[in-house]
Visitor: 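Structure provided below as structure tokens; questions to follow.
Owing to the predicted nature of the structure, the values given are computational and were not obtained by experimental measurement.
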Amino acid sequence: FCVANMTLNLRLGVLAFLILGAECLQFHSYYGNGMVLQWGGEESVGSKVWGYGDLAEDSNAMFECQSRQGISHQPGFKLSQVSENIWEMVLAPREPGDLCQLQISSGEEVLSISDILFGDVWICSGQSNMEQTMANIINAEEEIANSANFSDIRFTVIQNTIAYEENDDMDIVLDFPWSDPSYSEGLAEMSAICFLYARNIFSETGIPQGMVASDWGGTPIESWTNTEVLESCNVPAGPEPCSICEGCDGEQFCYSVLWNAMINPLKRNFVKGFLWYQGETNGGYGGYLGFNRDYYQCTFPAMIDSWRHEFSLHSMTDDTAPFGFVQLASWRPDTTEASFPVIRWHQTADHGFVPNEEMENVFMAVSLDTYDDKEDYPGNLHPRYKQIVAERLAVAGLNIAYGLNYPTNGPFPVSVEIEGNTITVTYDKDLTYLANEISGFYYCTQLDSCDAGIFLDLWREIEMESVEQVSPKEIVVQLEENQPFWLSYLWRETPVLAYKGLPVYEAAETSLPSPPWKWLVERRKYGV
């Protein structure tokens with residue numbers, strides 16, 4: 001029996017620890033029975049496993065796999081001591097569906113992992129809407145029961161932990177071991193967006209999915225981003241102590257502490273990509289300008305690039321690995337606060353759509369038609385309608401991550417022309433327009449001030465009778481305005497109350513909603 005020598009640091013009721021030295025050989029805590037490792041790689045290099053301790057001179061390993069066709073293999077691998085107290089085993093590339101066993105012998109010690117499934121691994125991160133579990137969605141019991149047979153989807157949850165220093169050798173704690181959906185108690189505690197995305201992807205591709213939830217409710221993007229990225233975006237220094245709004249104080253709000261503890265320790269792992277649902281805290285919860293709200297159009301794309309870069313340096317992860325996110329959902333009806341509309345715009349680096357030139361290989365889901373009037377949690381700020389959001393995220397992901405013939409967005413304008421009092425908005429695909437609650441369109445003539453403040457008071461709503469669809473790709477708006485103005489769509493925190501009740505959707509079967517956008521209109525034709 002051997003015991004690792006650790007330093008313990010109790011913070012916020014969770015255990016953060018760093019292996020300083022070890023008297024025995026052990027795996028990093030990410031690895032365990034029933035896990036998913038990323039398939040693929042290049043030449044002889046695929047996924048790796050690593051851990052703590054020093055290999056004995058007589059160390060050896062056994063790695064045996066069985067393909068879906070029932071053929072057994074003893075694929076190649078390389079076991080080595082990479083630094084003091086850190087060893088790693090680099091595996092040869094595998095195919096999706098391969099099922100493997102790993103055993104490492106070193107002196108008298110034997111380590112093993114069984115039931116390793118090869119598939120696509122996704123890291124799911126963000127704040128509370130990503131953290132929201134399968135137990136807290138609409139029809140939760142039915143969804144959990146219906147998912148039980150998806151045994152080729154495996155998942156785990158990283159325990160909430162902080163660290164003030166970045167250390168590549170830091171260990172993590174799992175809330176529960178790698179599991180499949182037959183473990184209903186574990187599935188109930190898994191991120192709903194993360195799991196349901198995987199369920200949709202698996203149903204279409206047949207590729208096993210490994211989902212890693214590493215999220216923390218209420219946290220700003222700055223907590224998930226390393227110091228260099230924040231400095232590159234000229235983000236103001238964080239407050240001391242780490243308090244970002246009234247009632248929003250705690251060490252989890254300190255800059256970079258969640259990157260250090262909950263993402264960076266995973267970067268030796270080859271992954272398919274990342275999923276993200278965050279931004280509410282940066283937008284703000286009412287009556288103030290949010291937390292670094294108008295840096296988000298820099299910090300978010302820069303964080304994406306940074307995560308990709310760090311993972312690609314330390315594993316076979318692609319340096320443009322797919323990155324999917326959810327635009328912020330509706331929350332408070334009737335408010336005119338600018339927080340969520342501005343953050344939604346910033347989530348696309350102020351383009352309104354992804355992928356774009358600043359956000360390559362990025363995809364998103366629109367969730368503005370999932371307003372939930374249920375008070376308290378879940379509901380309200382945390383809509384229970386996660387199924388449709390995960391489905392839309394998967395539709396876009398099937399295009400960006402898997403190269404399949406699916407749309408990445410709902411209808412988006414390719415031109416906006418004005419002639420007299422008629423504005424013609426031409427979209428990139430056929431659409432349906434149905435204005436049951438609102439026209440969906442707004443305008444603002446104070447060009448530099450429209451979104452500068454806490455409220456959207458400078459934006460005027462265009463009445464429903466002034467808007468109509470005139471062709472499969474065209475909507476016309478009647479407006480008497482001679483000076484330049486911004487024309488926008490869905491420029492409210494909660495534009496509609498009805499489920500799937502937005503005005504503009506794609507006419508195709510996937511029925512993706514048009515995302516929120518704004519366009520500068522003058523009396524000549526403008527491009528994007």
Side-chain angles (χ1 to χ4, degrees), residues 294 297 327-328 330 335-354 356 364 366 368-369 409-453 455-496 501-506 512-528:
D294 292 316
Q297 69 271 43
Q327 277 195 317
L328 298 191
S330 297
T335 184
T336 59
E337 292 205 17
S339 54
F340 282 24
V342 171
I343 284 290
R344 291 176 189 131
W345 183 242
H346 290 341
Q347 285 180 306
T348 65
D350 297 352
H351 289 265
F353 62 91
V354 291
N356 58 56
M364 74 175 187
V366 174
L368 275 77
D369 53 356
N409 286 294
F412 196 85
V414 293
S415 69
V416 177
E417 300 180 55
I418 185 167
E419 183 175 346
N421 295 330
T422 300
I423 304 163
T424 301
V425 182
T426 303
Y427 289 83
D428 59 356
K429 60 190 67 177
D430 290 357
L431 60 92
T432 61
Y433 179 74
L434 185 61
N436 285 330
E437 295 184 48
I438 56 170
S439 74
F441 293 91
Y442 305 83
Y443 75 100
C444 175
T445 59
Q446 304 298 312
L447 301 184
D448 296 331
S449 304
C450 296
D451 298 319
F455 297 98
L456 299 170
D457 296 341
L458 297 176
W459 289 93
R460 299 288 180 261
E461 184 174 353
I462 298 174
E463 298 301 320
M464 287 189 286
E465 56 267 25
S466 298
V467 181
E468 65 174 328
Q469 183 176 358
V470 296
S471 78
K473 289 185 172 69
E474 291 181 315
I475 289 175
V476 297
V477 179
Q478 302 297 329
L479 180 66
E480 294 184 21
E481 185 57 64
N482 292 319
Q483 57 185 319
F485 60 91
W486 285 104
L487 179 71
S488 70
Y489 176 70
L490 302 182
W491 219 249
R492 287 290 186 269
E493 182 174 296
T494 305
V496 297
L502 297 172
V504 179
Y505 289 88
E506 176 190 22
L512 296 182
S514 178
W517 52 264
K518 64 178 180 178
W519 198 292
L520 183 60
V521 180
E522 296 180 291
R523 292 196 171 273
R524 60 185 178 87
K525 186 175 180 179
Y526 264 69
V528 176

Visitor: What are the two closest non-hydrogen atoms of Glu461 and Ile438, and how far apart are they?
Guide: OE2-CG2, 3.4 Å
Visitor: Got a second to check how far Asp451's CG is from Ser488's OG, nearest 0.5 Å?
Guide: 8.0 Å
Visitor: May I ask you to check whether over 12 heavy atoms, not counting those of Glu465, lie within 6.0 Å of atom CD?
Guide: yes
Visitor: Side chains of Gln446 and Ser449: donor-acceptor distance under 3.5 Å anywhere?
Guide: no
Visitor: State the OG-CG distance between Ser471 and Asp430, to the nearest 0.5 angstrom.
Guide: 8.0 Å
Visitor: Should the pair Phe485 and Tyr443 be assigned to parallel (<30°), tilted (30 to 60°) or perpendicular (>60°) ring geometry?
Guide: perpendicular
Visitor: Run the side-chain contact (heavy atoms from CB on, under 4.5 Å) check on Tyr442 and Arg492 step by step: do they pass?
Guide: CA-CA 9 Å; Tyr442 305 83; Arg492 287 290 186 269; 3.3 Å; yes
Visitor: Should Leu490 and Trp517 count as side-chain neighbours, where that means a heavy-atom distance under 4.5 Å?
Guide: no
Visitor: How long is the span from the CD atom in Glu481 to the OG1 atom in Thr445, to the nearest 0.5 Å?
Guide: 5.5 Å
Visitor: Which distance, rounded to the nearest 0.5 Å, do you find between the CD of Gln297 and the CD1 of Ile343?
Guide: 8.5 Å
Visitor: So does Leu447 get a backbone contact from the side chain of Trp486, meaning a donor-acceptor N/O pair under 3.5 Å?
Guide: yes
Visitor: State, to 0.1 Å, how close Pro515 and Gly352 come at their nearest heavy-atom pair, and which atoms those are.
Guide: CG-O, 3.6 Å
Visitor: Check whether any side-chain heavy atom of Glu468 sits under 4.5 Å from a side-chain heavy atom of Val470, and report yes or no.
Guide: yes
Visitor: List the atom of Leu328, the atom of Arg344, and the distance in Å for their closest heavy-atom pair.
Guide: O-NE, 2.8 Å
Visitor: With a 4.5 Å heavy-atom cut-off, do Thr424 and Val416 have their side chains touching?
Guide: no
Visitor: Looking at side-chain heavy atoms only, is the closest gap between Ile475 and Val504 below 4.5 Å?
Guide: yes
Visitor: Can Glu506 and Leu431 be said to form a side-chain contact (heavy atoms from CB on, under 4.5 Å), step by step?
Guide: CA-CA 5 Å; Glu506 176 190 22; Leu431 60 92; over 6 Å; no
Visitor: Please answer whether the main-chain N or O of Glu474 pairs with a side-chain N or O of Thr426 as donor and acceptor at a distance below 3.5 Å.
Guide: no
Visitor: Go through the structure and list residues passing ring-ring contact (aromatic ring centres under 6.0 Å, His included) with Trp459, not counting sequence neighbours.
Guide: Trp491
Visitor: To the nearest 0.5 Å, tell me how far Lys429 NZ sits from Asn409 CG.
Guide: 6.5 Å
Visitor: With a cut-off of 6.0 Å (strictly less than), are more than 12 heavy atoms of other residues, nucleotides or ligands near CD of Gln483?
Guide: yes
Visitor: Should Leu434 and Asn436 be marked as a side-chain contact (heavy atoms from CB on, under 4.5 Å) after you check the CA-CA gap, both sets of side-chain angles, and the distance that decides it?
Guide: CA-CA 6 Å; Leu434 185 61; Asn436 285 330; 3.5 Å; yes
Visitor: So which atom in Thr348 and which in Asn356 form the shortest heavy-atom distance, rounded to 0.1 Å?
Guide: O-ND2, 3.1 Å
Visitor: Heavy-atom distance under 4.5 Å between the side chains of Pro495 and Leu502, does that happen here?
Guide: yes
Visitor: Please answer whether the main-chain N or O of Ser439 pairs with a side-chain N or O of Tyr433 as donor and acceptor at a distance below 3.5 Å.
Guide: yes
Visitor: Run the salt bridge (Lys or Arg N to Asp or Glu O under 4.0 Å) check on Asp428 and Lys473 step by step: do they pass?
Guide: CA-CA 7 Å; Asp428 59 356; Lys473 289 185 172 69; over 6 Å; no
Visitor: Indicate whether the side chain of Glu493 and that of Ser330 have a donor and an acceptor atom separated by less than 3.5 Å.
Guide: no
Visitor: Any side-chain heavy atom of Pro411 sitting closer than 4.5 Å to one from Tyr489?
Guide: no
Visitor: From Gln327 CD over to Met364 CE, what is the distance, rounded to the nearest 0.5 angstrom?
Guide: 4.0 Å
Visitor: Is there a side-chain contact between Tyr427 and Ser514 in this structure, where contact means two heavy atoms from C-beta onward sitting under 4.5 Å apart?
Guide: yes
Visitor: Answer yes or no: is there a side-chain heavy-atom contact under 4.5 Å between Leu487 and Val425?
Guide: yes
Visitor: Shortest non-hydrogen contact from Glu337 to Leu456?
Guide: O-CD1, 3.7 Å
Visitor: Walk me through it: do Val467 and Ile462 pass the test side-chain contact (heavy atoms from CB on, under 4.5 Å)?
Guide: CA-CA 8 Å; Val467 181; Ile462 298 174; 3.9 Å; yes
Visitor: Do you know the tightest heavy-atom contact between Ala452 and Asp448?
Guide: CB-O, 4.1 Å
